[in-house]
Amino acid sequence: MTKTAIHVDHIARIEGHGNVHVVIEDGVVKTVEMNVVEPARLFESMVRGRIFHEVPYIASRICGICSASHVVTDLKAIEGVFGVQPTDRTKALRELLVYGSYLQNHASHLFVFATPDFIGTKSVFPLAETDPELLQKALGLKALGNELCTKVGGRSIHPITAVVGGFTHELSAGEYLELADKMDASVEFALETVDLFRSFAVPDIATEGDMLAMVEDGRYPVQGSDTARFLKAGIEFSANDVLEHVEEFAVPHSAALCARVRDTGEPYFVGALARINASWKHLSQNAKVAAAKAGLRPPEPNPFMNNVAQAVELVDALDRCSELCRRLAAADGFEGSSAPVPFEVRAGRAVGFTEAPRGAVFHDLELDAEGRIVHASMITPTAQNVANLEADMRLLAERLVAEGAGQDAVQLAIEKLVRAYDPCLSCSVH
């Protein structure tokens, strides 16, 4: 018997710590595991008993990149309990805040984590010598995301100005226009990024799992909707019913809490690729043309195309943020103020739902009559993705072994796949 074991301890260039374990016997893939070795984070326990206005600041610490999304997700859940209806202006500011984290995350992931896979280096640092202009533009795009989050949220991570029913601070018209000009000036590089990542050769595989994304009529939504859809199963549901459709489960080889479609038992994928498959026709015109040019049209089942999807979302985010900033700067751009609206504290349960950079995030909160948390469940993007990632790792390994690929080639391809998912393994444990 010929036995090959592939062990990758602490896979590089991802957020968090995880190992890959693959065993091949006589040309047959026997074992494929993504071992998440992070300790329990216990955020759901941390917020229990806390007063409602403290919860978003605590939950934002789940992830430094997705902190804005966790804040907005908590605010939506709390407002659902209290019956708060934020103004259109507040919703626009929240969208800017979430998109700022898209610019931060996608630029970092694509150029710092993913690019070395395709240029034959082990890190991004050689790029500083071979193509310093490319690296500086990439870092500049991330810096623009930081600036947007800082000006809208008060800080580049863990925002403090977004509160129940509104914002405690807002930019001046001049600041909005300055940001809009910077967004417009960055579109050209974002378009070049789409072309760059489409030029990289990737294995031709199709995920067998489902995909989940937020949907909204006539929009490419990131926080404005409460409706989710499983694209393959065709199941559409309200965020408040998430536990009726998403089943979380544990596996013995990983600390991550995994997820699957409750009705079908299939794992599923969340993230940029799922969003584009769900709402391709609602991308900005620049982004839609770039996606079409890159061959990214729904249905696109190849998980490696998540890199291209993130690049397309950079274009889309810049276009949308520019438009939002210009409307916010105009006297008649949005009805209503961003100042917090009045509300009454009451008991109840509601689920907040946003599209974080890495995918859908749900916060299920139950509050008592004093506004303190009785129960919390926080379902993060990577927790939802791990089971599907592991299934795709097996699919890829079986394909490559059947084609006669050697151990090194199989290992490298699996590592590329893991990074294409853009996982945050620290966020995948509860």
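Residues take their numbers from the sequence shown, with the count starting at 1. Predicted, not measured: the structure shown is a model, and the values here were computed from it.
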note = Sequence neighbours excluded, the answer for side-chain contact (heavy atoms from CB on, under 4.5 Å) partners of P340 is V163
Does [X] reach the main-chain N or O of [Y] with its side chain, forming a donor-acceptor pair under 3.5 Å?
X: E390; Y: M34; result: yes
X: S322; Y: D319; result: no
X: E313; Y: P357; result: no
X: T382; Y: P423; result: no
X: N385; Y: V270; result: yes
X: D368; Y: A347; result: no
X: T115; Y: L110; result: yes
X: R419; Y: A12; result: yes
X: E300; Y: N302; result: yes

Looking only at non-hydrogen atoms, find the nearest pair between [X] and [Y] and report the distance.
X: L324; Y: A92; result: CD2-CB, 4.0 Å
X: V47; Y: A376; result: CG2-CB, 3.6 Å
X: C325; Y: L179; result: SG-CB, 4.0 Å
X: C258; Y: V251; result: SG-CG2, 4.2 Å
X: A138; Y: A107; result: O-CB, 3.9 Å
X: D392; Y: Y421; result: OD2-OH, 2.5 Å

Can you check whether [X] reaches [Y] side chain to side chain, under 4.5 Å on heavy atoms?
X: E79; Y: V164; answer: yes
X: F52; Y: L365; answer: no
X: L273; Y: F304; answer: no
X: T380; Y: C63; answer: no
X: V194; Y: L296; answer: no
X: Y220; Y: I276; answer: yes
X: C66; Y: C424; answer: no
X: L417; Y: P303; answer: yes

Aromatic ring pairing [X]/[Y], orientation class (parallel under 30°, perpendicular over 60°, tilted between):
X: F111; Y: F197; result: perpendicular
X: F237; Y: H245; result: parallel
X: H106; Y: Y102; result: tilted
X: F82; Y: F343; result: parallel

Atom pair [atom1] ([X]) and [atom2] ([Y]), whose distance is rounded to the nearest 0.5 Å:
X: L93; Y: L328; atom1: CG; atom2: CG; value: 5.5 Å
X: H70; Y: I58; atom1: NE2; atom2: CD1; value: 13.5 Å
X: F353; Y: S238; atom1: CZ; atom2: OG; value: 9.5 Å
X: I414; Y: I11; atom1: CD1; atom2: CD1; value: 9.0 Å
X: N306; Y: F269; atom1: CG; atom2: CZ; value: 3.5 Å
X: I160; Y: S60; atom1: CD1; atom2: OG; value: 10.5 Å

Whether over 12 other heavy atoms sit under 6.0 Å from [X] [atom1]:
X: E192; atom1: CD; value: yes
X: E403; atom1: CD; value: yes
X: E236; atom1: CD; value: yes

Any Lys/Arg nitrogen of [X] or [Y] sitting under 4.0 Å from an Asp/Glu carboxylate oxygen of the other?
X: E95; Y: R320; result: no
X: K416; Y: D117; result: no
X: E355; Y: R219; result: no
X: K76; Y: D226; result: yes
X: E323; Y: R327; result: no
X: R394; Y: E398; result: yes

note = Contacts satisfying side-chain hydrogen bond (donor to acceptor under 3.5 Å, both in side chains) that involve residues 36-49 (not counting sequence neighbours) are E38-S426, E44-H430
task = Starting from the C-alpha separation in whole Å, work towards a yes-or-no answer on side chain to side chain contact (heavy atoms under 4.5 Å, CB included) for R229 and I235.
result = CA-CA 6 Å; R229 179 187 298 155; I235 299 170; over 6 Å; no
message = Please tell me whether T207 and N388 have a donor and an acceptor in their side chains that are separated by less than 3.5 angstrom.
response = yes
ask   = Side chains of H21 and N35: do they bring a donor and an acceptor to under 3.5 Å?
value = no
key: Contacts of type salt bridge (charged side-chain N to carboxylate O under 4.0 Å, His left out), residue K151, not counting sequence neighbours   = E147
request  = Walk me through it: do W280 and K288 pass the test side chain to side chain contact (heavy atoms under 4.5 Å, CB included)?
outcome  = CA-CA 7 Å; W280 186 92; K288 191 184 299 183; 3.4 Å; yes
L148 and C321: CA distance, side-chain angles, deciding distance, side chain to side chain contact (heavy atoms under 4.5 Å, CB included) verdict = CA-CA 9 Å; L148 180 58; C321 289; 3.8 Å; yes
ask   = After noting the C-alpha distance and the side-chain angles of T4 and Q407, does the key distance pass the side chain to side chain donor-acceptor pair (under 3.5 Å) rule?
value = CA-CA 8 Å; T4 301; Q407 179 177 339; 4.9 Å; no
request  = Compute both the distance and the angle, then confirm whether R61 meets the cation-pi test with F43: under 6.0 Å from the six-membered ring centre, within 45 degrees of the axis.
outcome  = no
task = Please report the C-alpha distance between R399 and D204 in whole Å, then the side-chain angles of each, then the deciding distance to 0.1 Å, and finally whether the salt bridge (Lys or Arg N to Asp or Glu O under 4.0 Å) criterion is met.
result = CA-CA 10 Å; R399 171 76 61 85; D204 183 16; 5.5 Å; no
task = In sequence, state the C-alpha distance, the side-chain angles, and the governing distance for F118 and N307, and then conclude on side chain to side chain contact (heavy atoms under 4.5 Å, CB included).
result = CA-CA 12 Å; F118 302 102; N307 289 328; 4.0 Å; yes
